[in-house]
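Structure record follows, encoded as C-alpha cells.
Keep in mind that this is a model prediction, so the values were computed, not measured.
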Amino acid sequence: SAQPVYIRYQVLKIYKTFIRLSQNWTSSVPSQTGIEKNYIIDETRKLFKANKNLTKPHEINEALREAEARLAMAQITEIHIQGQACFHDV
C-alpha cells in the first residue's frame, strides 16, 4: 500500500534533515562545534535505530512527531546562535 512508502519517505526525509543540520551546525562556543556536530549525528542514529522496528502506525507517527519536535528545537537554537554571531560582527 502507499501508506508505508509515504511513511518511509517521511522518515528518510527527516533523517537526512538531521544529518544536514549536523553538517552545518555552529556552536555558540566555537570550540564545541565539533563535539555538538558529533552529538547530533550520534543521537540521530541512536534514536532512528531504536525506532526502526516500529510497525504500528500510531507508534511510527509518535516517533515522527518527536523527531520533528527535536528538529524544530535544534533549528530554533541554530537560528538563535547565528543571530548572535551576526550581532557580534557589527
Side-chain angles (χ1 to χ4, degrees):
S1 88
Q3 185 73 1
V5 172
Y6 180 69
I7 290 173
R8 180 175 169 79
Y9 167 79
Q10 284 183 296
V11 170
L12 290 174
K13 182 178 175 186
I14 199 164
Y15 183 85
K16 288 177 184 178
T17 303
F18 272 106
I19 298 303
R20 272 193 304 278
L21 176 75
S22 71
Q23 292 168 342
N24 299 319
W25 187 260
T26 303
S27 176
S28 59
V29 179
S31 63
Q32 296 294 306
T33 295
I35 294 167
E36 291 180 16
K37 283 182 173 190
N38 288 337
Y39 173 80
I40 294 167
I41 290 172
D42 292 345
E43 194 71 5
T44 298
R45 288 181 179 149
K46 181 179 85 176
L47 291 172
F48 276 78
K49 188 174 184 178
N51 291 324
K52 76 177 187 175
N53 294 320
L54 296 179
T55 56
K56 296 177 182 168
H58 71 278
E59 290 175 344
I60 295 167
N61 288 328
E62 182 60 34
L64 279 171
R65 275 194 295 276
E66 181 182 337
E68 288 166 352
R70 285 174 177 255
L71 183 59
M73 289 300 297
Q75 289 170 329
I76 289 167
T77 301
E78 182 182 36
I79 289 167
H80 178 72
I81 290 168
Q82 288 173 351
Q84 287 179 334
C86 290
F87 287 118
H88 290 307
D89 292 341
V90 174

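- A distance of 11.0 Å separates CG in Leu21 from CD1 in Ile14, rounded to the nearest 0.5 Å.
- A distance of 12.0 Å separates CD in Glu43 from CD1 in Ile41, rounded to the nearest 0.5 Å.
- Minimum interatomic distance between Thr44 and Ile19 (heavy atoms only, all atoms of both residues): CG2-CD1, 4.4 Å.
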Only pairs under 3.5 Å count here: list side-chain donor-acceptor contacts from residues 53-67, not counting sequence neighbours, and write none if there are none.
from	atom 1	to	atom 2	distance (Å)
Asn61	ND2	Pro57	O	3.2
Glu62	OE1	Arg65	NH2	3.0
Glu66	OE2	Arg70	NE	3.3

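- The distance from the CD1 atom of Ile40 to the CD1 atom of Ile35 is 12.5 Å, given to the nearest 0.5 Å.
- Take Phe48 and apply the ring-ring contact (aromatic ring centres under 6.0 Å, His included) test, not counting sequence neighbours, and it matches Tyr15.
- Residues forming a side chain to side chain donor-acceptor pair (under 3.5 Å) with Glu68 (at least two apart in sequence, or on another chain): none.
- For the atom pair CH2 (Trp25) and CD (Gln32), the distance works out to 12.5 Å, reported to the nearest 0.5 Å.
- The CG atom of Asp42 sits 11.0 Å away from the CG atom of Leu47 when rounded to the nearest 0.5 Å.
- For the atom pair CZ of Arg45 and CZ of Phe18, the computed distance is 13.5 Å after rounding to the nearest 0.5 Å.
- The shortest non-hydrogen separation linking Lys37 to Ser22 is CG-O, 3.0 Å.
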